[in-house]
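Reading through the structure tokens given below for one structure.
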Amino acid sequence: MHFIYCPHCGTKLIGKEIGDEGIIPYCENCSVPLWDMFTTSIIAAVVNEYGEVALLRQNYVSETKYVCVAGIMKLGESAEDTVVREVKEEIGQDVETLEFVCSYPYEKREMLMLGYKAIVKKKEFRHWYRVSLQNY
């Protein structure tokens, strides 16, 4: 999100040099810099003890591809808590262990993605399709 007006008072922002950050949108009325904002999300490869990976078909993401479990962090929630919650919500599995893999910007949706490997015990999924990647 790129600010043009102050979200606090509605004043049109000016560009102001802020330390080594360069020119930043700034509200003269509130005396506050307003850095560009992005949504922080998680993406998780959910893997069971047999090396099978849970992949989902979510039509709002893609009608032709399977995807990993993903979701947006809520206020006051850690990334790890988000992974545990999303895995439970999307496939009904309890995360046994969690490992951070990497982070990357997803510019298409102005998101920061935090990638994890979530280990679960094998059991039937609650709602979604499953695909084994052992043969790929």
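Note that the structure is predicted; figures quoted are calculated from it, not measured. FYI, side chains are in, hydrogens and waters are out, and symmetry mates aren't considered; it's all heavy atoms of this structure. FYI, the numbering just counts along the sequence from 1.
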Side-chain heavy atoms of [X] within contact of [Y], under 4.5 Å:
X	Y	answer
Pro25	Ile4	no
Leu56	Cys68	no
Ile72	Met111	yes
Tyr104	Ile43	yes
Tyr26	Cys6	no
His2	Glu110	yes
His8	Asn29	no
Glu80	Phe100	no

From [X] [atom1] over to [Y] [atom2], what is the distance, rounded to the nearest 0.5 angstrom?
X	Y	atom1	atom2	value
Asn48	Glu52	CG	CD	4.5 Å
Thr40	Leu112	OG1	CG	5.0 Å
Lys117	Leu98	NZ	CG	11.0 Å
Lys12	Phe3	NZ	CZ	14.5 Å
Ile24	Glu17	CD1	CD	9.5 Å
Ile14	Glu28	CD1	CD	3.5 Å

With the 4.5 Å side-chain cut-off for hydrophobic clustering, are [X] and [Y] part of the same group?
X	Y	value
Leu114	Val67	yes
Tyr106	Met37	no
Ile42	Phe38	yes
Ile91	Tyr116	yes

More than 12 heavy atoms of other groups within 6.0 Å of Glu107 CD:
no
Give the C-alpha distance, both sets of side-chain angles, the deciding distance and a yes or no for side chain to side chain contact (heavy atoms under 4.5 Å, CB included) between Lys74 and Asp81.
CA-CA 10 Å; Lys74 294 181 179 179; Asp81 289 342; over 6 Å; no
Taking Gln93 for its side chain and Val87 for its backbone only, find out whether a donor-acceptor pair lies under 3.5 Å.
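No.
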Quick check: does any side chain N or O of Glu49 sit under 3.5 Å from a backbone N or O of Lys122, one acting as donor and the other as acceptor?
yes
Minimum-distance pair of heavy atoms, taken over all atoms of Thr11 and Cys27
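Heavy atoms of Thr11 and Cys27 come nearest at CB-SG, 4.1 Å.
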Arg85 and Lys88: side chain to side chain contact (heavy atoms under 4.5 Å, CB included), yes or no, with the steps?
CA-CA 5 Å; Arg85 176 181 53 78; Lys88 186 70 170 180; 5.9 Å; no
